[in-house]
Amino acid sequence: MDTFKLTRTAATLVAALSMTFGVQQSSAENPFVQTWFTSDPAPMADGDRLYVYTGHDEDGADFFWMQEWRVYSTTDMVNWTDHGSPLALESFTWADDRAWASQTIKRNGKYYWYICAHSKISGGMAIGVAVSKTPYGPFVDAIGKPLYETGSWDFIDPTVFIDNDGQAYLYWGNPRLYYCKLNEDMISYSGEVGQLDINTTDQDRYTEGPWIDHYGDKYYMIYAAGGVPEHIAYSESDTPLGPWTYKGTIMPEGGTQSFTNHSGVIDFKGHSYFFYHTGKLPGGGGFGRSVAVEEYKRNADGSFPIINPTDAGVEPIGTLNPYQRVEAETMSFSKGLHSQQTAKTGVYISDTHNGDYIKVSNVDFGQKGATAFSVSAASALRGGTVQIYLDKMPGVRDRSTKPAATLEITGTGGWEKFKKFTTKIEEPIKGVHNVYFLFQGRKGPELFSLDYWIFK
């Protein structure tokens, strides 16, 4: 998670420097969330879908002033659905600040979300746990108090793991690594809280952000290392509690435009993925981070290769069906947009302006083809248009690319008064394409909100 040992003055300087780097290219798909700043990704596979639980850096923040956690999911690793914020500081009566790193795990049909936050009880950081019947919430505080706290500032960045014998472990800490054995109810622990020695060099010393991984007959502790700026290193053990042997670096320092890093690894549908965060979104940096992912293959002995950050992201491992309702907040990349959430509508896309767009990747229209397009939209003003482009949009110097269809959206009387709009597609769209929805209208004001879309 976030190295609070770093002074606010020094961190602000580093963040300012990191914001001077270049802006993400429109063809990229890392970071894979662009509607909000997100941090500390924690992946969890559940059936056919992969969920990633993240923190949320506030826009324009000068420190890690974080108020909520967010959830995103995918079936194909390129199109991510925003499930909003089912958990926030307000979910815990004992918490008052710093909604930092977290992780969720499933057991006995329930989902347990382990978080850290500043405690108004002890005045330090504390470990808490929320529970839900679904992976996307709603989540509620499972015990109404911290799971563990002593008033220490060390208690951040929980990671949770269930071993093959059914024993669950919880680890956390900066700059020391603590652990406890969770009971089967996952909301209490037995025995004493212990401390682990990761046996690293000074250059690769454990700092924060632990992630426990079990592969073959070995256990791997992955963590942010080296102080500030951080890189990702790991150690190996024959047991979940050590002794640990330092193995090396996974993601070297540099290339992320963030002075912290926080990783999680997972195998999903026969592929191995490494999640981390960057500062690469426009306006981002050390306090405006964004989650990203890389695919990797383990070495023959089970150890990790060097994994470098890329802008390209990962390849799709599935296609998207356009003939069923697709939430507007499902996308592989976007420009200029935010997501909002209400009890009535759920999550929807807002802040659309002239020139903003959504990209959806690997959309399979089949051989018969799509002949109509509909969208649920709302506008308190005059609306605008949605232009559909296949595989590429027109560039500044290339206006030859023509839209496959254009849909006009008129005012509906409010930003949440959604109405269905439909247009015909003159030449049927067939095959597999990357689809761009380009928004056009008056320059300046917001155009419309989007709930979902569908082709027919």
Side-chain angles (χ1 to χ4, degrees), residues 32-38 49 51-54 56 58-59 67-75 79-91 111 130 132-140 320-354 356-360 363 372-386 388 407-423 435 437-441 445-456:
F32 62 82
V33 175
Q34 307 86 36
T35 49
W36 294 108
F37 290 124
T38 52
R49 188 166 287 270
Y51 293 85
V52 173
Y53 299 80
T54 78
H56 173 203
E58 298 295 328
D59 290 359
Q67 305 296 313
E68 65 180 15
W69 297 270
R70 301 187 65 84
V71 183
Y72 301 85
S73 74
T74 184
T75 59
N79 296 302
W80 291 86
T81 299
D82 184 345
H83 296 283
S85 173
L87 193 66
L89 288 173
E90 293 80 9
S91 305
Y111 301 84
S132 174
K133 294 181 179 179
T134 76
Y136 45 82
F139 282 84
V140 297
L320 186 142
N321 179 5
Y323 301 119
Q324 61 185 12
R325 170 174 167 155
V326 179
E327 300 301 319
E329 62 273 14
T330 297
M331 60 187 72
S332 63
F333 209 81
S334 66
K335 172 185 173 293
L337 309 176
H338 282 307
S339 62
Q340 303 294 340
Q341 185 175 8
T342 64
K344 179 181 179 180
T345 305
V347 181
Y348 63 92
I349 291 299
S350 66
D351 295 280
T352 61
H353 294 84
N354 182 66
D356 292 344
Y357 69 86
I358 289 174
K359 176 186 177 184
V360 187
V363 182
F373 172 71
S374 298
V375 67
S376 176
S379 178
L381 299 175
R382 299 172 182 83
T385 64
V386 179
I388 302 171
L407 172 62
E408 183 179 357
I409 296 173
T410 58
T412 63
W415 295 117
E416 294 181 32
K417 290 188 176 181
F418 287 93
K419 177 183 175 182
K420 189 174 181 180
F421 297 87
T422 300
T423 188
V435 178
F437 301 117
L438 177 63
F439 310 129
Q440 298 281 294
E446 183 176 352
L447 303 179
F448 39 71
S449 301
L450 299 173
D451 186 18
Y452 67 88
W453 56 264
I454 188 170
F455 284 88
K456 291 185 178 181

For the backbone of [Y] and the side chain of [X], can you confirm whether one donor and one acceptor N or O come within less than 3.5 Å of each other?
X    : Y    : result
Y357 : F333 : no
Q324 : P322 : no
T35  : L337 : no
H56  : T54  : no
N354 : G441 : yes
T81  : T330 : no
Q341 : S85  : yes

State yes or no: are the ring centers of [X] and [Y] separated by less than 6.0 Å?
X    : Y    : answer
F448 : F439 : yes
F437 : W453 : yes
W80  : Y72  : no

Could you walk me through whether K419 and I409 pass side chain to side chain contact (heavy atoms under 4.5 Å, CB included), step by step? CA-CA 9 Å; K419 177 183 175 182; I409 296 173; over 6 Å; no
Distance, nearest 0.5 Å, that separates CZ of F32 from OG of S334: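 If I round to the nearest 0.5 Å, the distance is 13.0 Å.
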How long is the straight-line distance from OG1 of T385 back to CG of L407, given to the nearest 0.5 Å?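 Reported value, rounded in 0.5 Å steps: 8.5 Å.
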Classify the angle between the aromatic ring planes of H338 and W36 as parallel (below 30°), tilted (30 to 60°) or perpendicular (above 60°).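 Rings of H338 and W36: parallel, as their planes differ by under 30°.
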Taking all atoms of both residues into account, what is the closest heavy-atom pair of [X] and [Y], and its distance?
X    : Y    : value
G84  : V347 : N-CG2, 3.7 Å
H83  : Y51  : NE2-CE2, 4.0 Å
E446 : S449 : OE2-OG, 4.1 Å
P138 : S132 : O-OG, 3.0 Å

If we only count heavy atoms from C-beta on, is the V326 to N79 side-chain gap below 4.5 Å?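 No - every pair of side-chain heavy atoms lies 4.5 Å or more apart.
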Less than 4.5 Å apart, any side-chain heavy atom of Y452 and any of F418?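 A side-chain contact under 4.5 Å is absent here.
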Is it the case that atom OH in Y136 sees more than 12 heavy atoms from other parts of the structure closer than 6.0 Å?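 Atom OH in Y136 is not crowded, with 12 or fewer foreign heavy atoms closer than 6.0 Å.
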Filter on side chain to side chain donor-acceptor pair (under 3.5 Å), then keep only pairs touching residues 408-417, sequence neighbours left out; what's left?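 Residue pairs with at least one partner in residues 408-417: Y348-E416.
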Not counting sequence neighbours, list each pair that qualifies as a salt bridge (Lys or Arg N to Asp or Glu O under 4.0 Å) and has a residue in residues 321-343.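 Listed once each, the pairs are R325-E327, R325-D451, K335-D356.
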Would you tabulate the side-chain donor-acceptor contacts of residues 373-383 under 3.5 Å, counting partners in other chains and residues two or more places apart, or write 'none'?
unit_1: S374; atom_1: OG; unit_2: T422; atom_2: OG1; d: 2.7
unit_1: S379; atom_1: OG; unit_2: L381; atom_2: N; d: 3.2
unit_1: S379; atom_1: OG; unit_2: G383; atom_2: N; d: 3.2
unit_1: S379; atom_1: OG; unit_2: L447; atom_2: O; d: 2.7

Scan side-chain atoms only and decide if R70 and S339 contain a donor-acceptor pair under the 3.5 Å cut-off.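 Note: R70 and S339 side chains meet the donor-acceptor criterion.
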